[in-house]
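Everything numeric here is computed off the predicted structure, so don't read it as measured data. As a basis for the values below, the full set of heavy atoms in this structure was taken, side chains included, without hydrogen atoms, waters or symmetry mates.
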Number of protein chains: 2
Amino acid sequence: MKNSQLYKGSLNTIIMKLLEENGKMYGYEITQKVKAITQGELNITEGALYPALHKLEADGFLDVEIEKVDNRMRKYYKLTESGEKETVNRLSELEDFIRNMQSLVNPKLEF
Amino acid sequence: MKNSQLYKGSLNTIIMKLLEENGKMYGYEITQKVKAITQGELNITEGALYPALHKLEADGFLDVEIEKVDNRMRKYYKLTESGEKETVNRLSELEDFIRNMQSLVNPKLEF
DNA sequence: AAACATACATAAGTTTCTTATACATAACAA
DNA sequence: TTGTTATGTATAAGAAACTTATGTATGTTT
């Protein structure tokens with residue numbers, strides 16, 4: 001991740017959402033996609049990403065498929081059925097979180 | 001805090017925003033205010049709150065003023081000048097964070 | 001008398017991250 | 001041809017922010 005502590009705890013949700021959207025992705029691709037979408041503001045580090053992917057796999061939310069492209073290894077991840085259900089929950093939690101943060105920070109707008 | 005990991009990293013920003021808005025507050029008051037604003041969805045635990053307040057004070061962002069009300073101690077915190085500046089920065093970071101998360105999660109809406 | 005609310009505090013442990021390092025191939029620049 | 005950048009994965013040590021549990025103390029409600 002980068003700069004602000006705020007991103008702590010959001011990495012898993014980001015990964016799962018991207019996989020839900022794109023079917024399957026490999027680690028490096030995820031970092032580039034996130035960088036592009038956030039216009040360079042969020043840079044996921046390998047030290048954060050790979051352990052997160054391994055944990056999601058160990059939890060049964062992701063399946064792995066290894067491919068060799070241009071003589072380089074790629075580990076493609078995709079959501080399992082369990083992972084798809086979990087993604088729905090996490091996205092719902094994210095919406096609640098954002099709504100709550102906006103209520104806290106912008107109380108004028110809440111009613 | 002509660003449930004979702006997403007709130008990790010947002011506590012300091014929440015505290016500082018509430019202090020900016022209300023002038024001075026004591027710890028317990030902050031927990032009740034947050035609970036009320038989020039309709040019970042976010043419960044700040046003492047184990048998270050008090051160390052956070054002490055650290056913000058140690059960093060020079062908060063001043064303390066002890067009062068005794070109904071024979072019970074209250075430690076009122078308020079932002080220092082430095083704390084006010086920092087609050088502006090953190091709120092700006094929070095806006096960026098929310099915008100980035102919405103871009104990641106709801107790519108249809110970004111353009 | 002017991003439970004709950006108010007009010008603060010800390011210690012042990014967990015999770016999630018940062019920072020640094022490591023390995024390997026390919027492309028490009030000096 | 002040698003160094004840098006890009007692609008691609010991985011782990012280990014340490015920091016930071018939290019959870020959970022516990023402790024102290026007073027006031028209020030059941």
B:Tyr50 OH to D:dA21 P: how many Å, rounded? 19 Å

When rounded to whole Å, the CG to P distance for the pair B:Leu6 and C:dC17 reads 10 Å

Over how many whole Å does the gap from B:Asn43 atom CG to D:dT19 atom P extend? 10 Å

Roughly how far, to the nearest 0.5 Å, is NZ of A:Lys17 from CG of B:Asn106? 7.0 Å

5'-most by nearest nucleotide on DNA chain C - A:Pro51 or B:Pro51: B:Pro51

In whole angstrom, give the distance that lies between atom CD of B:Gln5 and atom P of C:dC17. 8 Å

Taking only heavy atoms on the protein side, list every residue of residues 55-77 of chain A lying under 4.0 Å from any atom of DNA chain C, sorted numerically. A:Asp70, A:Asn71, A:Arg72

Using residues 94-101 of chain B as the side-chain source, report each donor-acceptor pair under 3.5 Å to any protein atom, sequence neighbours left out, with the distance given to one decimal.
from: B:Asp96; atom 1: OD1; to: B:Arg99; atom 2: NH1; distance (Å): 3.1
from: B:Arg99; atom 1: NH2; to: A:Glu41; atom 2: OE2; distance (Å): 3.0
from: B:Asn100; atom 1: ND2; to: A:Tyr7; atom 2: OH; distance (Å): 2.9
from: B:Asn100; atom 1: ND2; to: A:Glu41; atom 2: OE1; distance (Å): 3.4
from: B:Asn100; atom 1: ND2; to: B:Asp96; atom 2: O; distance (Å): 3.3

Nearest-Å distance, CG (A:Leu53) to P (C:dT16)? 13 Å

Among residues at least two apart in sequence or on other chains, which ones pass ring pair (Phe, Tyr, Trp, His ring centres under 6.0 Å) with B:Tyr76? B:Tyr26

Checking all strands, does B:Gly47 fall into the base, sugar-phosphate, or nothing category for heavy-atom contacts under 4.0 angstrom? base

Salt-bridge criterion met for B:Glu93 and B:Arg90 (N-O under 4.0 Å): no

What salt bridge (Lys or Arg N to Asp or Glu O under 4.0 Å) pairs are there with at least one residue in residues 30-40 of chain B, not counting sequence neighbours? none

Donor-acceptor list for residues 57-67 of chain A side chains, cut-off 3.5 Å, not counting sequence neighbours:
from: A:Asp59; atom 1: OD2; to: A:Lys55; atom 2: NZ; distance (Å): 2.9
from: A:Glu67; atom 1: OE2; to: A:Lys24; atom 2: NZ; distance (Å): 3.1

Nucleotide C:dC17, atom C1' - distance to CD1 of A:Ile14 in whole Å: 13 Å

Categorize B:Glu46 for me: base, sugar-phosphate, or nothing, with a 4.0 angstrom heavy-atom threshold over every strand shown. base

Can you name the side-chain contact (heavy atoms from CB on, under 4.5 Å) partners of B:Asn89, sequence neighbours left out? B:Glu86

For C:dA5, does OP1 or OP2 lie under 4.0 Å from any side-chain N or O of B:Tyr28? no

Within this structure, what is the NE2-to-C1' distance between B:His54 and D:dA16, rounded to whole angstrom? 17 Å

Please give, in whole Å, the distance from C:dT6 P to B:Lys33 NZ? 15 Å

